[in-house]
2 protein chains.
Amino acid sequence: MQTHPALQDAATILPFPGARTLHADLLSGLRDLVNQGDLAPGARVPERALCERFGVSRTPLREVLKVLAAEGLVELLPNRGARIATLGDDHLFHLFEVIGLLEAEGGRLACARITPDAVAEIQGLHYRMYAHFLRHELPEYFALNQQIHAAILTAAANPVLSSSFASLAGRITRARYMSNRMHPARWQQAMDEHEAMLALLLQRDGEGLAALLRQHLANKRDIIIEAMATPG
Amino acid sequence: MQTHPALQDAATILPFPGARTLHADLLSGLRDLVNQGDLAPGARVPERALCERFGVSRTPLREVLKVLAAEGLVELLPNRGARIATLGDDHLFHLFEVIGLLEAEGGRLACARITPDAVAEIQGLHYRMYAHFLRHELPEYFALNQQIHAAILTAAANPVLSSSFASLAGRITRARYMSNRMHPARWQQAMDEHEAMLALLLQRDGEGLAALLRQHLANKRDIIIEAMATPG
DNA sequence: CTCCCGTAAAATGAATGCAATCCGTGCTTG
DNA sequence: CAAGCACGGATTGCATTCATTTTACGGGAG
């Protein structure tokens with residue numbers, strides 16, 4: 001019955017774009033647990049508990065853990081299972097160094113390759129974010145913020161760049177969650193930087209945008225390290 | 001008996017450096033099969049055959065396949081198993097774009113952070129490579145070549161940068177194997193570029209080295225694309 | 001002759017079972 | 001009394017097994 005449409009879909013999907021894996025929900029579920037801090041850094045990953053938590057057997061869960069280990073979110077110890085990866089200061093520094101590099105290049109390429117429509121879309125996101133900034137609505141601000149950065153990466157039109165960035169950015173998501181509160185001055189500064197970003201994007205100033213993005217991320221890094229230093 | 005030393009080892013290993021996973025040999029074994037072309041791009045990955053090939057059950061093999069999928073060497077299709085990832089021209093272009101970015105940054109950082117000992121070591125590698133170049137010993141030349149690039153990355157002293165580079169470089173290893181023959185003119189050019197690289201490294205000219213590495217990789221890209229276009 | 005469909009064989013994805021290893025508790029011993 | 005050790009429970013890693021889907025092959029209709 002459905003063999004034909006399925007086969008056609010498969011044929012169209014097969015050539016290039018990576019098809020969704022069956023256990024994608026499990027993967028994202030575990031990622032959320034790690035990012036939201038339900039599993040503390042350095043803590044053991046309780047396979048049994050997570051199995052009944054997600055209603056699956058240990059086999060698929062272990063496969064997902066292997067993937068998370070490849071992504072750097074957990075560490076696998078022989079005969080001792082998985083532990084949530086820790087984020088040391090130097091490791092965080094190195095992560096930001098590479099993430100800043102990728103994002104800067106993303107901005108540079110975006111200025112060269114972006115379409116007017118995409119610029120307009122980013123502009124729209126920016127103003128919506130600005131509105132949330134004025135109303136001090138932090139979660140919505142953060143959401144739009146990430147969408148803008150993702151849109152710039154997308155405009156760079158390099159899937160490898162995007163996925164590499166996403167992979168590395170995923171490792172610091174947890175640290176970001178921890179620093180959800182923001183000093184008003186820092187927030188204002190971040191908003192100013194976003195204003196400048198939009199201006200540079202409109203001018204297609206790739207070098208300027210690259211430099212600004214790098215500085216923007218360096219500031220964010222300082223915020224996060226600051227937040228990690230002062231617990232609470 | 002060995003509980004105590006093992007525990008101590010684990011305690012020292014546990015804090016930061018990622019411990020070796022138990023099935024690392026299986027992973028590298030599969031990688032080699034893909035890179036050496038024993039498994040053609042786009043071909044199905046025969047789980048059963050590989051299981052008896054490596055003498056393991058399907059469970060660990062499937063876990064490794066998931067990891068390889070996360071690395072981008074294979075693609076997982078729902079209910080249809082794994083296929084060797086294909087390397088389209090545009091995908092190859094995007095890969096080289098990011099790899100070049102990472103390697104250029106590696107050179108830049110290396111010039112800022114490298115120790116005199118490391119410089120001397122790279123110099124030694126370089127002259128050994130030069131000797132193989134003069135004798136037209138391509139495999140040895142390639143091996144030293146990769147060692148030099150790896151040494152520069154190591155000198156950049158950023159593990160995240162190194163591992164990201166290694167991950168992406170691993171995806172084009174297969175394409176590299178295919179273009180093992182080299183036109184004499186191209187080879188001479190590559191050797192000249194390596195000479196310049198060493199000079200720039202000795203001068204600690206980070207910007208110059210970054211630019212040269214990028215150009216060097218762009219040339220390599222052209223060689224590979226050229227080799228892919230002309231089969232045989 | 002070509003195309004389509006129905007059935008069997010094979011392969012995938014997940015669950016369960018089993019040997020080996022690790023961790024916590026209580027006991028022994030100097 | 002402290003330190004080391006042995007033993008039992010718990011956990012890991014892998015092999016095996018089972019349902020579901022896909023794929024290959026043969027027959028029949030147009």
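The sequence lines fix the lettering, A, B, ..., with proteins before strands; numbering per chain opens at 1.
- At whole-Å resolution of the value, CZ in A:Arg62 and P in D:dA15 are 11 Å apart.
- Across the protein-nucleic acid pair, B:Leu76 atom CG and D:dT22 atom P stand 15 Å apart, rounded to whole Å.
- To the nearest angstrom, C1' of C:dG13 lies 8 Å from CD of A:Glu63.
- Salt-bridge check for A:Arg113 with B:Glu97: passed, with a basic side-chain N closer than 4.0 Å to an acidic carboxylate O.
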What nitrogen or oxygen pairs link the protein and nucleotides 15-18 of chain C at under 3.5 Å?
residue : atom : partner : partner atom : Å
C:dA15  : OP2  : A:Ser57 : N            : 2.6
C:dA15  : N7   : A:Thr59 : OG1          : 3.0
C:dT16  : O4   : A:Thr59 : OG1          : 3.4

Might you work through the side-chain contact (heavy atoms from CB on, under 4.5 Å) test for B:Leu87 and B:Leu95, ending with a clear yes or no? CA-CA 10 Å; B:Leu87 275 175; B:Leu95 271 170; 3.9 Å; yes
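- Rounded to whole Å, atom C1' of C:dT12 lies 10 Å from atom NZ of B:Lys66.
- Remark: the A:His94 side chain and the A:Asp90 side chain contain no N/O donor-acceptor pair separated by less than 3.5 Å.
- In this structure, the CG atom of A:Leu50 is 14 Å from the C1' atom of D:dT12, given to the nearest Å.
- Of the charged side-chain nitrogens involved, none lies within less than 4.0 Å of a carboxylate oxygen, so that B:Arg128 and B:Glu140 do not count as a salt-bridged pair.
- Counting only heavy atoms from C-beta on, A:Arg44 has its side chain closest to D:dT11 among C:dC22, D:dT11, C:dA14.
- Rounded to an integer number of Å, the gap from CZ of A:Phe54 to P of C:dA14 is 15 Å.
- For A:Arg62, the salt bridge (Lys or Arg N to Asp or Glu O under 4.0 Å) test picks out A:Glu47, B:Glu63, with sequence neighbours left out.
- When the side-chain nitrogen and oxygen atoms of A:Arg80 are compared with OP1 and OP2 of C:dC23, one or more of them lie within a distance under 4.0 Å.
- When the side chain to side chain donor-acceptor pair (under 3.5 Å) test is applied to A:Asn219, the partners found at least two apart in sequence or on another chain are A:Glu193, A:Gln215.
- Atom CG in A:Leu61 sits roughly 12 Å away from atom P in D:dG13 (whole-Å rounding).
- Within the 4.0 Å cut-off from OP1 or OP2 of C:dA10, not a single side-chain nitrogen or oxygen of B:Arg48 is found.
- Here D:dT20 presents its P atom at 12 Å from CG of B:Asn79, a figure rounded to the nearest Å.
- Using the six-membered ring where Trp is involved, A:His216 and A:His194 have ring planes that are perpendicular, over 60° apart on the 30 and 60° scheme.
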